[in-house]
Structures are given as C-alpha cells and as structure tokens.
> 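Sharing a structure below in structure tokens format, with a few things to ask.
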Amino acid sequence: MNVRITAQDPLRLPCDWLLVGIADGDVPEMFDNALGGLLRELVERGEFDPNGREVTVVHPRGAIPARRLLVVPMGRERTAEAVRRAVALGGRKAKRLGGGHVVIAPLQEIADADAASAYAQAVAEGLFVGTYEFESFRRKQEGRGGPLTDVDLLVAQEDQVAGAETGLAWGRAVAEGVNLARTLVNEPANVATPARLAGVAEEIASAAGHIRCRVLDEKAAAQEGMGAFLGVARGSDNPPAFIVLEHRLDEFPDTKPVVLVGKAITFDSGGYNIKPSQGLWKMKSDMSGGAAVLGTFDALARLEVSLPVVGLVPAAENLVSGHAYRPGDILHSLSGQTIEIQNTDAEGRLILADALAYAERYGPRALVDMATLTGAMMVALGYSLTGYFCNDDDLAAQLEAAAERAGEPIWRMPLWDEYDAYLESKVADMRNVGIRWGGAITAALFLRRFVGSYPWAHLDIAGTAFADSDRKPPPPLTPYGATGVPVRTLMEWLRALAA
Ligand code: BES
Ligand code: MN
Ligand code: ZN
C-alpha cells in the first residue's frame, strides 16, 4: 500500500473510493453540496447512522471525479479513536469491494503540526491495523475483493503536510508491529513454536542496528537456574527458548532501562491438570504477551525512540508427556524461591517468575509484564478491558494515559495484600495457585513475589488478546482473532518516556 499525504481538493481527485466521514449532527457541507444534498438526505431519512458501524456506498455518477464515495460514521465526536474506527471500517469495505485507489478526505479539524501528526497516526493505525487479514494458510480465493494499492491522505492545508508525514511514519511502524504480533498469535501452535518466536526476535534484531537479541536454549536456561521456566517446558518435544531483546542499551550506559516481559506459552493444554476440550484450540493464543513484546520491538526497530528498553520473552509449550511436570512437584526458581505445583495449568506465572528474576540484572527503571494469565480476569472484565495491577501510582497514571491515547482500554485491579496468604505452601516457599475466588489477584500477587523494588505493572490480557466470534461488538480495528493488545499502548508509553 502506497500512502501519500497532500493538501489537494478531494472534489477534484479521480479515485476508486473517496472516504468521507459524517459525525452526529455534522454532515460535511462541501461534499453534501457537491452531491446536491444527498448526504443530508441519507441521514435525515435514517438511511445512514452517524453513530453506527455501517459504511454506505454512494455513486456520485459524474458529479465529482471520484467513482464512489464511502460514507463512514464518525460518532458523536471526531476523536482519534473515531478516526481510527472510520478508516478501518471504510478501508475494509473498499478492500472487500475490489480495492484500488482510496482518497481519505479530512476527517478532523486540525489546529497545528502536532494535531496533524496525531491525525495521520490515527489514520495509519486505522488503515494498516484495520485492513489486516490473516490469510497465509488459505489458498488465494477468487472474488474476495482486492488490495488497497494507493491511498491519498488529504489534509486541509499545505502547512499540515510535514506534521502529518511524521504521524504517518509512526502510525505505520506501530501498526506493522501490531500486525506482526497478531500474525504470531493467529498462527497455530504447530507453526508458532518457541523456536519460531526466537527466529522472529533474531530477525528483528538483525534488521536493526540498535537492537540486540540473545536466545537462551534449554541448556543455557538450566545453567542460569531457571527451574520454574524449564519445569513447564519439559512436557513438550518443542524445545523452549528464553528470548532477550535489548534496544539502545549501549547508547545509554547510565540510564536504567525499561523492561517488558511477555508470557509466551505457544500452546497451553493445561498439562496434567488438563483443560476441558471446549475452546481448547484458542490456547494457541497463550503466547500473546510474548508476541506483544516482539511486536513492540518490531516497531522500535523501525522508529527512533531514544530510550533503553529490554524485552524478555520466556517461550515454551505446556503439554502432557512422560517428561511433563506433575501436580505436587517442587521447582527451584531462578530467584532461589521454591514453588510447589498444585496446578500444572497455572504455568504462565511460573515462566514469568523466572523472567522477572532475570530482569533484576538490568536494574529496571520500570517493568511492565503482559500475559494471558487467568480465566478469572475474563470473568471479571470480559473481552474489552485489560485488567492491570500496579505497585506505583505514577506508572499507573502513565499507562492509563497511554492506553487512552491508543484506544486500548485498561482497568486497574487491586494487589490485595491479604490474599497473599492463599499462596502459602506446606512444603515449599509458596504454591502456584490460590483458591478459585479472586484468581486474577492471587496470580498477580504470585508475580509480585518475584518483582524487585521498582515500579511494576502486570497486564492480564486473557480477555483482550484474542477476539472470538462471541465478542460483541467486534473490536472495530480487529474484528476477529488476535488484537495485538497492548502494543499500541506500550508504544505510546515509551514515546512519552523518551520525550
Ligand atoms: N492461559 C490460561 C489463562 C487463560 C484462560 C487465558 C482463558 C485466556 C483464556 C492460564 O494458563 C490458566 O490456565 N490459568 C488458570 C489458572 C488456575 C489454574 C489457577 C485459569 O485461569 O483457570
Ligand atoms: Mn494454563
Ligand atoms: Zn496459560
């Protein structure tokens, strides 16, 4: 897709599709006049709902050079999120109906260069995230539409072009990181193995001068003393990989790095505490946290973010075999603490425990971990909200602001000290599960036992990482499958830290 930014007049540009936004009570006069009042009529007759989710195709029949209009709903306010949604909806519609050359008329008033940048970023995210399709395992089918070949992103004035170019470059790089994460999650577990994730990490690093990658194999992880991580990995014939990514560490030898940790269980059968068969296939998405870390580094590879960042991705598969760990086993974690396994399905916290202990050597400025950690979080908050826990109010405020800008809602949950008692074991330093009630909280409290004295947040993305067909309404940018959460939030946060 070739995207240009210009200040041309949309009423004079020939194209296959002209995308025009209508907000509640705000029909754009210029287009309405050019079409003899048609747009106003559509709204007044209730044939187009500015607050809805449907795109209307209009044929101007020569009234303007565009072959067809895509009239997209902008909702009540022309916010960044409204722009992302409108472009995603319109882009998908154009693609489904044959694709080609799309012109995006200005969807928002733009006050200055910063606003122009934010606007173009939102358009780029809507366009690239919104039109993504996971098609690599399907033979090409006839009649399934066509690609968007050229896109003209129009701004109202010439002096907005430079700002918009900045936002476009950023938004596109972030969207590509998001889509990489989505592809890794959508790929089945027979493809997206720990070795594949390690290979992707190495590719990201080798294509960028400012990122290094190191992968600890089983032997190296054993030498480190990662007994919790390796305990989980033992049951699978797919060897584990502990992935370490380092972004601009040499450039900032005196600055503490931000550390990102992502759970990557490439398939979670539950182990001997085996899961029910209903929906089990979805456990191919249990590496979404790790995929988000890789997606974030993919975006960092394409961008200029002046900040040292470390990514840690423990990758393993949780299966059943003659080598698998059992309920009752006691594991020696990298931190030195021992863990009694009372449920082999509470494996995510075990691999994270060793990653958190490994992070200690970097002396983190702040650490954010992300994981499809508990069904309990899905019960609590459903599909649309990521529940997060945080030991520091400043970090919490930063993350909420970043998530708000990104349009990836997060909701704070309590690190309720009292419940730590549920993690007591009769035979080891702790056990790996609490009781059923408050399961997302006890999981977070388990992780806290491996966190040092730095600001830390834990994002439980069990509900938000993968949009199944029963999610309503389907997420506007990612209607089905992997969402790439929380790559956009992390990128907003890192950008703010680097500023
Ligand atoms: N990967 C699952 C959590 C999960 C469930 C993610 C549903 C996405 C959708 C995790 O490893 C798990 O099995 N957690 C257990 C913990 C329990 C044994 C304490 C759970 O939530 O049931
Ligand atoms: Mn599990
Ligand atoms: Zn899991």
Side-chain angles (χ1 to χ4, degrees), residues 185-186 189 192 194 197 228-229 231-236 240 261-292 313-320 324-329 339-355 369-387 413 419-420 422-423 425 430-447 458-471 481-483 485-486:
V185 174
N186 286 329
L197 299 184
F229 172 57
V232 173
R234 269 204 309 263
S236 171
V261 177
K263 169 182 173 182
I265 292 294
T266 56
F267 187 76
D268 182 11
S269 71
Y272 276 99
N273 293 96
I274 200 158
K275 286 183 181 296
S277 63
Q278 175 82 28
L280 187 51
W281 63 272
K282 237 181 288 174
M283 281 302 119
K284 70 171 185 171
S285 68
D286 209 19
M287 31 61 75
S288 296
V313 181
E317 190 171 32
N318 188 22
L319 293 186
V320 177
Y325 76 144
R326 321 153 188 79
D329 283 3
I339 307 165
E340 180 197 0
I341 304 307
Q342 285 210 339
N343 193 320
T344 58
D345 199 10
E347 83 299 336
R349 62 197 74 184
L350 297 171
I351 69 170
L352 291 174
D354 280 350
D369 79 70
M370 58 221 80
T372 47
L373 204 62
T374 66
M377 185 58 87
M378 288 186 82
V379 172
L381 297 182
Y383 278 129
S384 300
L385 293 163
T386 293
M413 304 286 286
Y419 296 169
D420 196 62
Y422 289 124
L423 296 172
S425 162
M430 71 193 81
R431 57 180 201 160
N432 75 328
V433 288
I435 59 168
R436 181 164 177 220
W437 318 120
I441 300 177
T442 44
L445 291 171
F446 180 93
L447 297 180
H458 156 58
L459 276 57
D460 193 334
I461 56 173
T464 49
F466 193 89
D468 204 354
S469 343
D470 62 342
R471 174 165 168 181
T483 61
V485 164

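Since this is a predicted model, take the numbers as computed values, not measurements. Numbering of ligands and ligand atoms starts at 1, following listing order.
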> Is any heavy atom of the protein nearer than 4.0 Å to atom 21 (O) of ligand 1?
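So atom 21 (O) of ligand 1 has protein heavy-atom neighbours under 4.0 Å.
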> Which ligand 1 atoms does V433 reach within 4.0 Å, using its non-hydrogen atoms?
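By the 4.0 Å cutoff, the relevant atoms are 19 (C).
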> From Y272 OH over to D345 CG, what is the distance, rounded to the nearest 0.5 angstrom?
14.5 Å
> Residue-level breakdown please: for N273 versus ligand 1, do any non-hydrogen atoms fall below 4.0 Å on the side chain, on the backbone, on both, or on neither?
neither
> Would you mind listing which atoms of ligand 1 come within a distance below 4.0 Å of any non-hydrogen atom of K275?
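Those qualifying, in numeric order: 2 (C), 12 (C), 13 (O).
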> Give me the residue, atom name and distance of the protein heavy atom closest to atom 10 (C) of ligand 1.
L373 O, 3.3 Å
> Let me check your reading of the structure: within less than 2.8 Å of the Zn ion (ligand 3), is there an N/O/S atom from L373?
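Checking L373: none of its N, O or S atoms is under 2.8 Å.
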> For atom 2 (C) of ligand 1, find the nearest protein heavy atom and state the residue, atom name and distance (0.1 Å precision).
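Going by distance alone, atom 2 (C) of ligand 1 is nearest to D268 OD2, 3.6 Å.
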> Taking both backbone and side chain into account, is any N, O or S atom of D345 nearer than 2.8 Å to the Zn ion (ligand 3)?
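No, since none of the N, O or S atoms of D345 sits under 2.8 Å from the Zn ion (ligand 3).
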> Could you tell me the angle subtended at the Mn ion (ligand 2) by OD2 of D268 and OD1 of D345, rounded to 10°?
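About 100° at the Mn ion (ligand 2).
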> Would you mind naming the N, O or S atom of E347 nearest to the Mn ion (ligand 2)?
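Atom name returned: OE1.
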> Decide yes or no for L350 and Y325: does some side-chain heavy atom of the first lie under 4.5 Å from some side-chain heavy atom of the second?
yes
> For atom OH of Y383, is the number of surrounding heavy atoms from other residues, nucleotides or ligands below 6.0 Å larger than 12?
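Check passes, neighbour count above 12.
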> Is the shortest N/O to N/O distance between A462 and ligand 1 below 3.5 Å?
no
> Is it the side chain, the backbone, both or neither of D286 that has a heavy atom closer than 4.0 Å to ligand 1?
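The answer is the side chain of D286.
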> With no hydrogens and no angle check, do the side chains of T464 and T386 hold a donor and an acceptor under 3.5 Å apart?
yes
> Hey, are the side chains of D329 and R234 touching, using non-hydrogen atoms and a 4.5 Å cut-off?
yes
> Out of K263, M283, E347, who gets a non-hydrogen atom closest to atom 8 (C) of ligand 1?
M283
> Report the part of R349 (side chain from C-beta onward, or backbone N, CA, C, O) that has a heavy atom under 4.0 Å from ligand 1; answer both or neither where that applies.
side chain
> Would you say that M413 contacts D460 through its side chain, given a criterion of any heavy-atom pair below 4.5 Å between the two side chains?
no
> Is the contact between K282 and ligand 1 made by the side chain, the backbone, both, or neither, using heavy atoms and a 4.0 Å cut-off?
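None of K282 does.
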